[in-house]
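Quick caveat: nothing in here was measured; it's all calculated off a predicted structure. Order of the sequence lines fixes the chain letters, A, B, ..., with proteins taken first and strands second; residue numbering starts at 1 for each chain.
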Amino acid sequence: MRPLEDISLVTQAAIFHNKRAFGQLVVKYQSPIRRFFLTQTLGDAALSDDLAQETFVKAYLHIANFRGESSFSTWLYRIAYNVFYDYVKSTRQTFSLDTVAVRKQSTTAVDGNLKMDLQEALAILTPIERTCIVLQLMDGQPIDKISEITGMVEGTVKSHLSRGKKKMANYLRTNGYDR
Amino acid sequence: MDMTDRADNELVERFFASQSFEIDDAGFSRRVERRLPRRAQQLNRVWTAICTVAGVVLVVLTNAIDGLIDAFDNVTGEFEGLVYGFEPSMLTPLMALITVLTMVSVWAYNVAMANK
C-alpha cells in the first residue's frame, strides 16, 4: 500500500468516520506497531497488544489532526512512542524492576515471536537506546524520522544509537555472535 | 566513523537482520475495530443531517432552485459548445506532441511515486 493510499484511507476515516477505511490502516500497520511494543516491553505480548490497541484508538480519535506533513507511519509511531512512555511514567516503580531475574520469572507472558537472544540483547539497553535502535534497525526508520517520532534532536538520536550499538556489539561479541 | 564503530555497526545490523519477524494479525484488527468509539460516528451523522436540512431550507426560502437550474444549464451548455466546437484540423503536430509529452510525464511521475 502506497503513501497516497494511506492518505486516501486517512481522509475517509477523518471526514466520514469510515471505520472500514481505518480498519485497513490497522491491518497494514498492526505488525510493525505490535513489534515495536513487543521489543520495548521485552516480550510481554499481552501488554504490547494493549498498548498497540490504545495507539490505534488514539490515532482514530485524533485522525483529524493528521496534517500529512509527515507520513502516516511516522505519525502513528509518534503516538505509539507517547503511549509507551506515558505507560512507563504511570508505572515507573514497577517498570524499574526491569531486571533479567524478573523477566525470566514472567516468561509465560513472553511472546514466541520475540526470540530470547534478541530479548536479552535489548535488555542491556536503556529504554531510550532501545527505542532508537529498534526504530532504526528493526523498523528501518531513518534518523530524521526517529527524531520526529521521539521529539529529540538528531544529534541526541545519533548519540543514543551510537551508545546502544556499542553496548550491543560488546554483548554480542561476549556471546559469540561475531564468529 | 572509525574501524571499531564500523565493525560494531555491521555486527549489530547483521544480528537484527537475523532476528527480524512479522506478527500475524490473529484477530487483532477486529479487536481494535470493536474498541473504536461510536460517538464520533453518531455526531457526524447528526451534523450531516443538520447541514442537509439547513441547505434545503435555505434553497427553498431564497428561491435559489431557479438559479441552480440556470447554473447547471450554463455548465452543460459550455461543455456541449466545447465538444461541438472541437475540430481535428486545429490540432497542430506541436500541440499533439505537447499532449503526448504531458501524458507520458504524468504517467512516469505516477510510476516513480508508486515505486518510491
Side-chain angles (χ1 to χ4, degrees), chain A residues 2-5 13 15-20 22-35 38-39 45 48-49 52-57 59-61 63-64 111-115 117-119 121-122 133-134 136-138 161-162 164-173 177-178, chain B residues 1-55 102-116:
Chain A
R2 299 187 288 266
L4 275 180
E5 287 172 71
I15 297 174
F16 305 111
H17 292 277
N18 183 340
K19 285 187 181 179
R20 189 168 289 182
F22 188 77
Q24 286 183 51
L25 290 167
V26 177
V27 169
K28 179 182 176 186
Y29 289 107
Q30 62 84 22
S31 177
I33 292 296
R34 287 163 81 195
R35 189 177 55 205
L38 204 54
T39 52
S48 298
D49 275 9
Q53 278 194 31
E54 194 179 330
T55 299
F56 283 112
V57 171
Y60 180 76
L61 287 173
I63 201 150
D111 189 285
N113 277 315
L114 194 64
K115 297 172 188 168
D117 293 349
L118 177 60
Q119 189 188 322
L122 288 171
I133 293 256
V134 165
Q136 189 188 52
L137 297 178
M138 199 154 250
L161 283 170
S162 169
K165 283 178 185 175
K166 205 167 270 301
K167 280 186 197 174
M168 281 199 92
N170 288 338
Y171 171 86
L172 294 174
R173 280 198 190 92
Y177 275 93
D178 55 338
Chain B
M1 193 187 280
D2 64 21
M3 288 279 279
T4 323
D5 285 343
R6 200 167 299 139
D8 286 353
N9 253 344
E10 280 172 14
L11 179 60
V12 174
E13 278 171 19
R14 212 168 49 235
F15 174 70
F16 269 91
S18 72
Q19 300 285 321
S20 174
F21 62 92
E22 293 293 327
I23 301 178
D24 287 339
D25 189 291
F28 175 83
S29 304
R30 220 174 317 122
R31 288 197 295 278
V32 170
E33 211 167 315
R34 261 187 259 131
R35 270 192 59 184
L36 295 181
R38 290 174 182 278
R39 196 169 162 269
Q41 203 166 8
Q42 284 163 352
L43 274 177
N44 178 57
R45 282 188 188 140
V46 170
W47 184 234
T48 307
I50 290 171
C51 289
T52 309
V53 171
T102 306
M103 287 167 76
V104 168
S105 305
V106 170
W107 173 79
Y109 174 80
N110 284 333
V111 169
M113 290 306 287
N115 294 329
K116 204 173 171 185

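- The parts of A:Ala52 that come within reach of chain B are both its backbone and its side chain, each placing non-hydrogen atoms under 4.5 angstrom from that chain.
- Looking at B:Glu22 and A:Arg35, a side-chain N of the basic residue comes within less than 4.0 Å of a carboxylate O on the acidic one, giving a salt bridge.
- With rounding to the nearest 0.5 angstrom, the CD atom of B:Glu13 is 12.0 Å from the CE atom of A:Met168.
- Note: A:Tyr60 OH to B:Glu33 CD = 9.0 Å, rounded to the nearest 0.5 Å.
- Taking B:Phe16 as the reference, nothing meets the ring pair (Phe, Tyr, Trp, His ring centres under 6.0 Å) condition, with sequence neighbours excluded.
- When side chains are defined from C-beta on, B:Leu36 does not count as touching A:Phe56, because their heavy atoms never get closer than 4.5 Å.
- One distance of note links CG of B:Asp24 with CD of A:Gln30; it measures 8.0 Å at 0.5 Å rounding.
- Atom CD1 of B:Ile23 is separated from atom CD1 of A:Ile33 by 10.5 Å, given to the nearest 0.5 angstrom.
- Taken from CD in B:Gln19 to OG1 in A:Thr39, the straight-line distance is 12.0 Å, to the nearest 0.5 Å.
- The nearest pair of heavy atoms linking B:Pro37 to A:Val57 is CD-CG1, 4.5 Å.
- No side-chain heavy atom of A:Tyr171 sits less than 4.5 Å from a side-chain heavy atom of B:Phe15.
- With B:Asp8 as the partner, the side-chain hydrogen bond (donor to acceptor under 3.5 Å, both in side chains) test is satisfied by one option alone out of A:Lys167, A:Arg173, A:Lys165: A:Arg173.
- Checked against side-chain hydrogen bond (donor to acceptor under 3.5 Å, both in side chains), A:Thr55 has no partners two or more places apart in sequence or in another chain.
- Between chain B and the options A:Gly23, A:Gly164, A:Pro32, A:Ser31, heavy-atom pairs under 4.5 Å are most frequent for A:Ser31.
- You'll find the side chain of B:Val12 stays beyond 4.5 Å of the side chain of A:Lys166, heavy atoms only.
- For chain B, the nearby part of A:Ile15 is the backbone; its heavy atoms alone come within less than 4.5 Å.
- Taking 4.0 Å as the cut-off between side-chain N and carboxylate O, A:Arg34 and B:Asp25 do not count as a salt-bridged pair.
- The two residues B:Ser20 and A:Met138 make their nearest non-hydrogen contact at CA-CE, 4.4 Å.
- Note on B:Ser18, B:Ala7, B:Ser29: by heavy-atom pairs under 4.5 Å with chain A, the leading option is B:Ser29.
- Heavy atoms only, all atoms of each residue included: A:Asp49 and B:Arg31 are closest at OD2-NH2, 3.7 Å.
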